[in-house]
Amino acid sequence: MVDQEKVKQGIKLLLEGIGEDITREGLLETPERIARMYEEICGGMNENPSEYLGKTFHTDNSEMVLEKDIVFYSMCEHHMLPFFGKVHVAYVPDGKVVGLSKLARTVEVFARRLQIQEQMTEQIADAVMTCLQPKGVMVLVEAEHMCMTMRGIKKPGSRTITYAAKGVFKEDKDLQNKFMQLVR
């Protein structure tokens, strides 16, 4: 839960620190707006992915299930600037599947935290492995980081790609290659 009052105080201090007049008309409600925004974009801090991955359905299928192009927005914990892109999640069921929207909701749980992409990739894979207990899972994340595009090195359009492979995806290079072909 975001402490709205602390965020408002912090934003007032930040505005003063960069030389702004916090009594200026355009900034009067900015601390409140930003506090509400952080409630939304950091809302994953208090969510548990098992809420979404807990309801499963029996299946005899043991072929890869892939949910691709899940758009996400997150915040870099180093600069508190956005990074955004797409997540591709695949798993090989072992007797049970989950509703497809639940994979997207799981991505959101981890994206809505101050985060680094490498950690988010692993967290999504670990949550699917833990909750669904599939034969394997693979997650690929492609993202553009505003800390690289609007400050520092200023390289817009550059993308960072991370992946995590668990279970049969880690062991079977052909399965990994099939996943990569399907997401491209």
Side-chain angles (χ1 to χ4, degrees), residues 41-149 152-153 155 157-184:
I41 64 176
C42 292
M45 296 296 297
N46 302 310
E47 287 187 280
N48 187 330
S50 64
E51 293 176 39
Y52 304 111
L53 295 172
K55 176 140 174 72
T56 60
F57 306 95
H58 173 76
T59 186
D60 293 327
N61 176 33
S62 62
E63 295 296 323
M64 180 189 333
V65 175
L66 170 65
E67 181 74 17
K68 66 184 245 179
D69 296 329
I70 303 168
V71 175
F72 78 94
Y73 299 90
S74 192
M75 294 284 282
C76 166
E77 67 184 30
H78 297 148
H79 299 99
M80 292 183 68
L81 287 171
F83 68 97
F84 57 91
K86 293 180 180 178
V87 177
H88 315 286
V89 180
Y91 66 97
V92 176
D94 191 12
K96 57 186 173 181
V97 293
V98 68
L100 296 177
S101 70
K102 305 310 183 203
L103 295 174
R105 290 191 186 282
T106 300
V107 168
E108 283 299 302
V109 166
F110 295 111
R112 292 177 54 213
R113 299 176 177 187
L114 292 180
Q115 188 65 276
I116 61 171
Q117 180 177 333
E118 298 88 341
Q119 177 177 287
M120 185 180 84
T121 305
E122 285 290 327
Q123 288 172 330
I124 294 165
D126 288 343
V128 173
M129 279 301 283
T130 299
C131 295
L132 295 184
Q133 298 174 342
K135 294 177 183 174
V137 64
M138 188 151 177
V139 175
L140 185 130
V141 179
E142 334 175 41
E144 184 169 336
H145 293 250
M146 298 307 288
C147 58
M148 290 242 334
T149 63
I153 195 160
K155 296 297 178 200
S158 63
R159 293 181 312 153
T160 300
I161 298 175
T162 54
Y163 76 93
K166 311 281 182 185
V168 293
F169 281 98
K170 190 171 191 136
E171 302 156 9
D172 186 341
K173 296 300 178 196
D174 289 336
L175 191 58
Q176 271 189 31
N177 289 335
K178 185 175 183 179
F179 169 87
M180 293 297 192
Q181 288 173 348
L182 289 170
V183 299
R184 298 291 163 221

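- Residues E47 and V109 approach most closely at O-CG1, 3.7 Å, considering heavy atoms.
- Listed for the Q115 side chain is a donor-acceptor partner under 3.5 Å among the backbone atoms of F110.
- To the nearest 0.5 Å, atoms NZ (K170) and CG (L175) are separated by 14.0 Å.
- Between the side chain of H88 and the main chain of D69, a donor-acceptor pair closer than 3.5 Å is present.
- Separation of atoms CZ (R113) and CE (M120) is listed at 11.0 Å; rounding is to 0.5 Å.
- Atom SG in C42 sits 6.0 Å away from atom CE in M75 (nearest 0.5 Å).
- At a threshold of 4.5 Å between non-hydrogen side-chain atoms, the residues I116 and H78 count as touching.
- Looking only at distances, no side-chain donor or acceptor of K102 sits under 3.5 Å from a matching main-chain atom of K55.
- Put simply, the side chain of E144 does not reach to within 4.5 Å of the side chain of S158, judged on heavy atoms.
- Among V87, V107, I70, the one residue that satisfies the side-chain contact (heavy atoms from CB on, under 4.5 Å) test with V139 is V87.
- Around the NZ atom of K86, the shell of radius 6.0 Å holds no more than 12 heavy atoms that belong to other residues, nucleotides or ligands.
- You'll find the side chain of V65 reaches within 4.5 Å of the side chain of L100, heavy atoms only.
- Atom OH of Y163 is surrounded by 12 or fewer heavy atoms from other residues, nucleotides or ligands within 6.0 Å.
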Apply side chain to side chain contact (heavy atoms under 4.5 Å, CB included) to the pair Q133 and K96, showing each step before the final yes or no. CA-CA 9 Å; Q133 298 174 342; K96 57 186 173 181; 4.0 Å; yes
Which is it for R105 and E51 under the side chain to side chain contact (heavy atoms under 4.5 Å, CB included) test, yes or no, and what are the steps along the way? CA-CA 9 Å; R105 290 191 186 282; E51 293 176 39; over 6 Å; no
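- Counting heavy-atom neighbours within 6.0 Å of K178 NZ, excluding the residue itself, gives a total of 12 or less.
- Between F83 and T160, every side-chain heavy-atom pair lies at or beyond the 4.5 Å cut-off.
- Every residue meeting the side chain to side chain contact (heavy atoms under 4.5 Å, CB included) condition with E108, not counting sequence neighbours, appears here in chain and number order: F72, R112.
- Nearest heavy-atom pair, T149 versus G157, reported as atom, atom and distance to 0.1 Å: CG2-N, 4.1 Å.
- Under the 4.5 Å side-chain criterion, counting only non-hydrogen atoms from C-beta, Y91 is not in contact with M129.
- Residue M45 qualifies as open at atom CE: its count of foreign heavy atoms under 6.0 Å is 12 or below.
- Note that OG of S74 is 7.5 Å distant from CG of L114, once rounded to the nearest 0.5 Å.
- Of the candidates D60, T56, N61, H58 forms a side-chain hydrogen bond (donor to acceptor under 3.5 Å, both in side chains) with just one, namely D60.
- Between H145 and L81 the shortest side-chain heavy-atom distance does not fall below 4.5 Å.
- Here the closest non-hydrogen pair linking A90 and L66 is CB-CD1, 3.9 Å.
- Scanning all heavy atoms of the two residues, the minimum distance from S62 to K135 falls at CB-NZ, 3.6 Å.
- Side-chain atoms of Q176 never come within 3.5 Å of backbone atoms of A165 as a donor-acceptor pair (strictly under, hydrogens ignored).
- Between L182 and K68 there is no side-chain heavy-atom pair separated by less than 4.5 Å.
- Taking OG1 from T121 and CG from L140, the interatomic distance works out to 7.5 Å, rounded to the nearest 0.5 Å.
- Nearest heavy-atom pair, P49 versus T106, reported as atom, atom and distance to 0.1 Å: CB-CG2, 4.0 Å.
- L103 and E67 make their closest contact through CD1-CB, 3.8 Å (heavy atoms, listed as atom of the first residue, atom of the second, distance).
- Residues that satisfy the salt bridge (Lys or Arg N to Asp or Glu O under 4.0 Å) test with E142, not counting sequence neighbours, are R159, R184.
- You'll find the side chain of F84 stays beyond 4.5 Å of the side chain of V71, heavy atoms only.
- Rounded to the nearest 0.5 angstrom, T130 OG1 and K166 NZ are separated by 9.0 Å.
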